[in-house]
Amino acid sequence: MSNKSVLKPNGINHLALATSNMKKTLQYFNRVLGMPLVSLYWMHGVEDTMHGFLALNEHSLLAFVGSPKIGKDIQYGHTHAGNPGGPCTGGTMQHVAFNVDSHKDLLALRDRIRSKGIHCVGPMDHGMMQSIYFAGPDAMTLEVTYMTGEDPTQWIDPEVVDLLEINEEELNELKTPVSFFQPDAAVPNPSMEAADKEYRMNFPPQRYQMMVNTPDEVLTQMTRDNLPPTYSTGEQVKGDSA
């Protein structure tokens, strides 16, 4: 039995957002926010679907998924929030916030955004952070923020905790998650019958069952991505027609 306590992920590797126009979206985040392109290729095993990655830092990326099947029908309050406080369907991105280190950096990025002819509102003072807000492609609601150094736990509001009927024991667990001690042998996937039916990915049933029943090491080999076949030759790779 391992003594290592696995508590939580240590950051966000990438956010994967849908785009109806890969070229336009990559250019927006490159020109407006200065993010360099690091990868752009066909998504493994997914027909007519591209994956583009822009760098935030050496550990975090902003990714986009583009295909002809991605719709352009924006419905505020359902598919998109449209502003930092607007409603949208559960599980969708209400807004995404990027980090900077200081108030000075926040103001510099605000001026960069405005210099591209884009409205940028703020800074707004949220106590534990200060933020600016603006819009991106496909009606994305975007934010840039920095932590002010104030203790964020001061913003655990007892009124909201009571409204959600979170008791003291549950609140303590939320603030200090239960440790997990990884066993020596890998934990197998639960059976289709035993697995929590609320948390299943939306694949065709036969394919999904095959994926969860395939041994991990076999699935790793089956899905291994290699360099694009035209990368070393310099030939044109089939891309976004938009």
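Computed from a prediction, not measured in an experiment: that's the story for all the values here. Note that the numbering runs from 1 along the sequence shown for the chain.
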*Do you know which two heavy atoms are closest between Gly52 and Met22, and how far apart they sit?*
N-CE, 3.7 Å
*asked:* A side-chain contact here means heavy atoms from C-beta on lying under 4.5 Å apart; do Ser60 and Asn13 qualify?
replied: no
*Rounded distance [0.5 Å steps], CD1 in Ile166 versus CG in Asn172*: 11.5 Å
*Return the minimal non-hydrogen interatomic distance between Thr141 and Gly82, and the atom names on each side.*
OG1-C, 3.3 Å
*Between CG of Leu107 and CD1 of Ile132, what distance do you get to the nearest 0.5 Å?*
8.0 Å
*Do Met35 and Leu17 belong together in a cluster built from hydrophobic side chains that touch within less than 4.5 Å?*
yes
*Can you see which heavy atom on Thr148 is nearest to which on Gly127, and at what distance?*
OG1-O, 2.6 Å
*Could you check if a side-chain atom of Pro137 sits within less than 4.5 angstrom of a side-chain atom of Phe29, using non-hydrogen atoms only?*
yes
_Listed partners of His126 passing side chain to side chain contact (heavy atoms under 4.5 Å, CB included), at least two apart_ = Met124, Met129, Ser131, Tyr133
*Does the Gln209 side chain pair with the main chain of Gln206, one donor and one acceptor, at a distance under 3.5 Å?*
no
*Can you name the nearest heavy-atom pair linking Pro123 to Gln130, along with the distance?*
CB-OE1, 3.8 Å
*Answer yes or no: is there a side-chain heavy-atom contact under 4.5 Å between His51 and Leu40?*
no
_Run Leu227 and Tyr41 through side chain to side chain contact (heavy atoms under 4.5 Å, CB included) and show every step you take._
CA-CA 9 Å; Leu227 284 174; Tyr41 58 92; over 6 Å; no
_Distance, nearest 0.5 Å, that separates CG of Asn21 from NZ of Lys72_ = 6.5 Å
*Under the ring pair (Phe, Tyr, Trp, His ring centres under 6.0 Å) test, which residues partner Phe134, sequence neighbours left out?*
none
_Would you say Asp138 and Ser20 are linked by a side-chain donor-acceptor pair, where the criterion is simply a distance under 3.5 Å?_
yes
*Which distance, rounded to the nearest 0.5 Å, do you find between the CZ of Arg112 and the SG of Cys120?*
12.5 Å
_Residues which pass side-chain hydrogen bond (donor to acceptor under 3.5 Å, both in side chains) with Thr25, listed by chain and number, not counting sequence neighbours_ = Thr19
_Qualifying residues under ring pair (Phe, Tyr, Trp, His ring centres under 6.0 Å), relative to His59, sequence neighbours excluded_ = none
*Could you list the residues that satisfy side chain to side chain contact (heavy atoms under 4.5 Å, CB included) with Ala135, not counting sequence neighbours?*
none
*Among the clusters formed by ILVMFWY side chains lying less than 4.5 Å apart, do Leu164 and Leu174 turn up in the same one?*
yes
_Within the 6.0 Å centroid threshold, strictly below: Phe64 and Phe53_ = no
*Is there a path of hydrophobic side-chain contacts, each under 4.5 Å between heavy atoms of I, L, V, M, F, W or Y residues, that connects Val121 with Leu142?*
no
*With sequence neighbours excluded, tell me which residues meet side-chain hydrogen bond (donor to acceptor under 3.5 Å, both in side chains) with Asp151.*
Thr153
*Taking atom CD of Glu159 as the centre, report whether more than 12 heavy atoms of other residues, nucleotides or ligands fall under 6.0 Å from it.*
no
*Drop me the distance from Leu37's CG to Leu62's CG, to the nearest 0.5 angstrom.*
11.0 Å
*Who are the side-chain hydrogen bond (donor to acceptor under 3.5 Å, both in side chains) partners of Asp105, not counting sequence neighbours?*
Ser102
_All ring pair (Phe, Tyr, Trp, His ring centres under 6.0 Å) counterparts of His103, not counting sequence neighbours_ = Tyr146
_Atom pair CE/CD1 of Met50 and Ile70 - distance to nearest 0.5 Å_ = 8.0 Å
*Within a strict 4.5 Å, meaning less than it, do heavy atoms of the Leu61 and Leu54 side chains meet?*
no
*Do you reckon Met93 sits in the same ILVMFWY cluster as Phe98, going by side-chain contacts under 4.5 Å, direct or chained?*
yes
*Taking only residues two or more places apart in sequence, or in another chain, which ones meet Gln75 in a side-chain hydrogen bond (donor to acceptor under 3.5 Å, both in side chains)?*
Asp73
*asked:* Show every side chain to side chain donor-acceptor pair (under 3.5 Å) that has at least one partner inside residues 27-39, sequence neighbours left out.
replied: none
_Quick one, Met140 and Val96 - any side-chain contact, counting heavy atoms below 4.5 Å?_
no
*Evaluate the side-chain proximity of Leu106 to Thr145: yes if any heavy-atom separation is below 4.5 Å, no if none is.*
no
*Linking I/L/V/M/F/W/Y whenever any side-chain heavy atoms sit under 4.5 Å apart, do Val212 and Met222 land together?*
yes
*Which pairs pass side chain to side chain donor-acceptor pair (under 3.5 Å) with one or both residues in residues 78-96, sequence neighbours excluded?*
His95-Glu143
All N/O donor-acceptor pairs, side-chain side in residues 190-202, below 3.5 Å, sequence neighbours left out:
from   : atom 1 : to     : atom 2 : distance (Å)
Ser191 : OG     : Ala194 : N      : 3.1
Asp196 : OD1    : Glu198 : N      : 3.0
Arg200 : NH2    : Met192 : O      : 2.4

*Would you say Lys69 has more than 12 foreign heavy atoms packed within less than 6.0 Å of its NZ?*
no
*Does a side-chain heavy-atom distance below 4.5 Å link Leu56 with Ile12?*
no
*asked:* Contact between Met43 and Val65 at the side-chain level, heavy atoms closer than 4.5 Å - yes or no?
replied: yes
